[in-house]
Amino acid sequence: MHSILEKMTKNTLIGVAVGAAFTAVIQSSSAATVLVVSFINAGLMNLNEAIGIIMGANIGTTITGQLMAFKLSDIAPLFVLTGVIMIMFCRSANLQKTGEIILEFGILFVGLGTMSSSMESMKESAFVVNTLTSLKNPIIALLIGLVFTAVIQSSSATVGVIMVLASQGLLSLEICFYITLGCNIGCCISALLACIGGKKNAKRAALIHLLINIIGTVVMAILFALFMPQIKYGIMAITGSQNLTGESLNATMSRNVANANTIFKCFQILICFPITKWIIKATYWIIPGEDEETEFSVQFIDNRRKYSPATAIPQCIHEIERMGGIAKDNLNLAVNSMLNLDISKLDEINTNENHIDF
C-alpha cells in the first residue's frame, strides 16, 4: 500500500482517483482518512500527496449508498453463505480473505434489510411521523446529520439510515439533502481523534479533511438556499422520478438520496480542487511551527495511540533506522576522539549513548 501511495500520489488528480478507488473498496472514508493521518505521522507521506487521497475518499464513500440503493437485501443471504463456505473450507489464505469480503458485503445488506423492515412500523406511529415530516429547518437538519455521523463515525451508515427513512416517506428530499451535508462535517471526527498526540503534519492532514468538507458544505448550503427547486428537479430527473407521486415516489427515494450524495460530493471536490495549495497553507496558518524533537524521545512511535499493522511496521522501521543513524554518528565521534586524543566531545558521546539506550 505504501508503495502504491508513494508512486500514485505525486499528482493530485491521480491521488483523488486512488483515494476514491481505495475508499470504495473498504467502504469507509473515515478509515481511509485515518490511515492517511497515520502515514503522515510515520513520515511515509506529505501533505501535498495526502490531500488528493483525502478528496478522493469523500467520493469513494458514496459507493456504499449506491450499492444500498440497488436493494440487494433479498440475495444478501447468498453472499453470506458463499463467504462462510469460503472461510471454512478453502485452504488458501487469499481465498479465505476473499470470503471474508463477500461475507461482510452480505452482512451489510442483511443489516440494511433488517433495519428497513424494522422501520416499517415507524409509519404507524403518529409521533414519529409528525416529528420527521415536520422537520423543515435546514440548519437543524444539517446539525442532525453532523451529530449523528460524529457519534457513529460513519457517514455511509448515516446515509443508509436517511435512505431508509426517505423510502418510508418519513423524510422529504430537501431535508435529506441537508442531512447529507451535515454528514460531510460529522465524518471528520475520526481523523481529528486519530491525530491527537500526533505530529503537527498529522494534525494538519485531519484539518485538511475538515476544511475541505466545511468549504463544500457551505457552498452547497448556499446553492440549496438559492436553487433548491432546480436542484431537486435535477436529481429526480436523473433517477426518472420527477413525475412520480405517492408510493411510486417513495420507492425511488433511496436512489434519489444516493445519487444526490454522490453528485454533491463530486461537486464539492471540483470546488476545492483548484484551491488545494491554499487549503494546505491555511493549515500551516492555523497550526504554525514545526515539531520539536526532545533530547530523549522516539520520533515515529507514540504509545498513546493504537496503530494497525499496516502503519505500525513502517513506523518501527523508521525508528530503527533513526536509532541506527544516531549510533553511526556516535561511533564516528568516538573513533575521531580516540584517534585525535580529543576528549572535548566526551559529554556529547555519552549523551548520545544514553539516547541510543533509551
Side-chain angles (χ1 to χ4, degrees), residues 13-33 52-72 105 108-109 112 116 141-142 145-146 148-149 154-167 171-188 209 212-224 227-228 230-242 244 249-273:
L13 184 60
I14 297 176
V16 171
V18 172
F22 178 68
T23 308
V25 172
I26 67 172
Q27 296 189 17
S28 174
S29 61
S30 298
T33 308
I53 300 290
I54 293 171
M55 289 192 293
N58 276 359
I59 298 174
T61 191
T62 65
I63 297 301
T64 307
Q66 294 291 347
L67 291 173
M68 290 177 180
F70 281 114
K71 300 186 183 301
L72 301 176
F105 183 81
L108 172 68
F109 290 100
L112 185 67
S116 181
L142 195 148
L146 191 158
F148 191 76
T149 307
S154 173
S155 61
S156 297
T158 305
V159 171
V161 173
I162 297 169
M163 290 168 62
V164 171
L165 291 174
S167 65
L171 286 177
S172 66
L173 193 56
E174 294 91 336
I175 291 301
C176 291
F177 289 170
Y178 283 105
I179 296 176
T180 56
L181 283 189
C183 295
N184 284 349
I185 302 176
C187 70
C188 299
H209 188 212
I212 288 173
N213 286 355
I214 287 177
I215 293 170
T217 298
V218 169
V219 173
M220 287 305 305
I222 293 172
L223 292 176
F224 285 165
F227 307 107
M228 177 58 82
Q230 293 87 342
I231 293 173
K232 178 182 175 182
Y233 183 84
I235 295 296
M236 295 179 71
I238 292 172
T239 313
S241 60
Q242 70 272 30
L244 299 178
L249 178 60
N250 289 343
T252 62
M253 280 292 281
S254 58
R255 173 58 66 185
N256 285 330
V257 174
N259 287 342
N261 187 38
T262 301
I263 293 169
F264 296 163
K265 290 286 180 67
C266 291
F267 183 71
Q268 290 169 15
I269 298 310
L270 287 175
I271 293 170
C272 294
F273 190 84

Peer 1: Say whether Asn184 and Gln268, considering side chains only, have a donor N or O and an acceptor N or O under 3.5 Å apart.
Peer 2: yes
Peer 1: Scan residues 173-187 for pairs that pass salt bridge (charged side-chain N to carboxylate O under 4.0 Å, His left out), counting only residues two or more places apart or in two chains.
Peer 2: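 Passing the test, one end in residues 173-187: Glu174-Lys232.
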Peer 1: To the nearest 0.5 Å, what is the distance between OG (Ser254) and CG (Leu165)?
Peer 2: 11.5 Å
Peer 1: Can you name the side chain to side chain contact (heavy atoms under 4.5 Å, CB included) partners of Thr239, sequence neighbours left out?
Peer 2: Ser241, Thr252, Arg255, Asn256, Asn259
Peer 1: Can you confirm whether Ile269 sits close enough to Ile212 that some side-chain heavy atom of one is under 4.5 Å from a side-chain heavy atom of the other?
Peer 2: yes
Peer 1: Begin from the C-alpha positions of Val16 and Phe273 and carry the test side-chain contact (heavy atoms from CB on, under 4.5 Å) through to its verdict.
Peer 2: CA-CA 9 Å; Val16 171; Phe273 190 84; 4.2 Å; yes
Peer 1: Say you draw a straight line from CD1 of Ile238 to CD1 of Ile263; how long is it, rounded to the nearest 0.5 Å?
Peer 2: 3.5 Å
Peer 1: Tell me the closest heavy-atom pair linking Ile63 and Ala24, and the distance in Å.
Peer 2: CG1-CB, 3.7 Å
Peer 1: Measure the spacing between SG of Cys272 and CZ of Phe267 and express it to the nearest 0.5 Å.
Peer 2: 10.0 Å
Peer 1: Output the distance between atom NZ (Lys265) and atom CE (Met55), rounded to the nearest 0.5 Å.
Peer 2: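 The CE atom of Met55 is 14.0 Å from NZ of Lys265, to the nearest 0.5 Å.
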Peer 1: Which residues pass the side chain to side chain contact (heavy atoms under 4.5 Å, CB included) test with Thr158, sequence neighbours left out?
Peer 2: Phe148, Thr149, Ile152, Ile162, Cys183
Peer 1: Which atom names give the shortest non-hydrogen contact between Ala166 and Cys176, and what distance separates them?
Peer 2: CB-SG, 3.8 Å
Peer 1: My understanding is that only residues two or more places apart in sequence, or in another chain, count here; which of them pass side-chain hydrogen bond (donor to acceptor under 3.5 Å, both in side chains) with Thr62?
Peer 2: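 For Thr62, the residues satisfying side-chain hydrogen bond (donor to acceptor under 3.5 Å, both in side chains) (neighbours in sequence not counted) are Thr262.
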Peer 1: Run Leu67 and Phe109 through side-chain contact (heavy atoms from CB on, under 4.5 Å) and show every step you take.
Peer 2: CA-CA 9 Å; Leu67 291 173; Phe109 290 100; 3.5 Å; yes
Peer 1: Quick one, Asn58 and His209 - any side-chain contact, counting heavy atoms below 4.5 Å?
Peer 2: yes
Peer 1: Which donor-acceptor pairs under 3.5 Å do the side chains of residues 214-222 make with protein atoms, sequence neighbours left out?
Peer 2:
residue: Thr217; atom: OG1; partner: Asn213; partner atom: O; Å: 2.6

Peer 1: What's the shortest heavy-atom distance between Ala32 and Thr23, and which atoms?
Peer 2: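 So the minimum-distance heavy-atom pair works out to CB-OG1, 3.5 Å.
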Peer 1: Quick check: closest heavy atoms across Met253 and Ser172, and the distance to 0.1 Å?
Peer 2: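 What the structure gives for the nearest pair is CE-C, 4.2 Å.
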Peer 1: Roughly how far, to the nearest 0.5 Å, is the CD1 atom of Ile179 from the CG atom of Asn261?
Peer 2: 12.0 Å
Peer 1: With sequence neighbours excluded, tell me which residues meet side chain to side chain contact (heavy atoms under 4.5 Å, CB included) with Phe227.
Peer 2: Leu223, Gln230, Ile231
Peer 1: Under the side chain to side chain contact (heavy atoms under 4.5 Å, CB included) test, which residues partner Ser156, sequence neighbours left out?
Peer 2: Thr61, Thr64, Ser154
Peer 1: Using the test ring-ring contact (aromatic ring centres under 6.0 Å, His included), find all partners of Tyr178 that sit at least two apart in sequence or belong to another chain.
Peer 2: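 Scan of Tyr178 (ring-ring contact (aromatic ring centres under 6.0 Å, His included), adjacent residues dropped) gives Phe224.
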